[in-house]
Amino acid sequence: DKGQDLLLQAAIHCLQRGFDLQFIFVGRNIDQLSPQIPSSLRPRFTFTGEVANVGDYLKKAHVFVSSSRAEAFSNALGEAMAEALIPIAT
């Protein structure tokens, strides 16, 4: 379980408190999260689904969040760190 529902809850919490943030969710089955977002906050979220060019998204990011409930150190986390992103992992 990637725990993206936890990340979404945290993202909504931050946005509702006035933080100026954008979130990009990349991966399988993430489109099911979209209905949980209040309509006023939807412009702050992008859901790409599974992509072949993850590196392109990493190059544009400032922070990488791994909210997995099971993986201690995923390949994605290693790739993000290789791009010198600030890693946040649960």
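What you are looking at is a predicted structure, and each value in this text was computed from that prediction instead of being measured.
The local environment of CG in Asp56 is crowded, with over 12 non-hydrogen atoms from other residues, nucleotides or ligands closer than 6.0 Å. Around CG of Leu41, the count of heavy atoms belonging to other residues, nucleotides or ligands within 6.0 Å exceeds 12. Atom CZ of Arg69 has more than 12 neighbouring heavy atoms from other residues, nucleotides or ligands inside a 6.0 Å radius.
Separation of atoms CG (Asn75) and OG (Ser66) is listed at 11.0 Å; rounding is to 0.5 Å. Rounded to the nearest 0.5 angstrom, Ile12 CD1 and Leu21 CG are separated by 12.5 Å. Asp5 contributes atom CG, which lies 9.0 Å from atom CD of Gln32 (distance to the nearest 0.5 angstrom). Here Tyr57 contributes atom OH and Thr48 contributes atom OG1; the two are 5.0 Å apart, rounded to the nearest 0.5 Å. Here the NZ atom belonging to Lys2 is positioned 6.0 Å from the OG atom belonging to Ser74, to the nearest 0.5 angstrom. Distance check, rounded to the nearest 0.5 Å: CD1 of Ile86 to CE of Met81 gives 11.5 Å.
Residues Asn29 and Glu50 fail the side-chain proximity criterion, which asks for heavy atoms closer than 4.5 Å. At least one side-chain heavy atom of Leu8 sits less than 4.5 Å from a side-chain heavy atom of Ile37. Two residues are said to be in side-chain contact when any heavy atoms from C-beta on lie closer than 4.5 Å; Val63 and Ile88 meet this criterion. Two residues are said to be in side-chain contact when any heavy atoms from C-beta on lie closer than 4.5 Å; Leu15 and Phe23 meet this criterion. Between Gln22 and Pro43, the closest side-chain pair of non-hydrogen atoms is not below 4.5 Å.
Taking the six-membered ring for Trp and thresholds of 30 and 60 degrees, Phe45 and Phe25 have ring planes inclined between 30 and 60 degrees apart.
Side-chain atoms of Arg17 come within 3.5 Å of backbone atoms of His13 as a donor-acceptor pair (strictly under, hydrogens ignored). Without hydrogens or angle criteria, Asp1 side chain to Gly3 main chain gives a donor-acceptor distance under 3.5 Å.
Nearest heavy-atom pair across Pro35 and Asp31 is CD-O, 3.8 Å.
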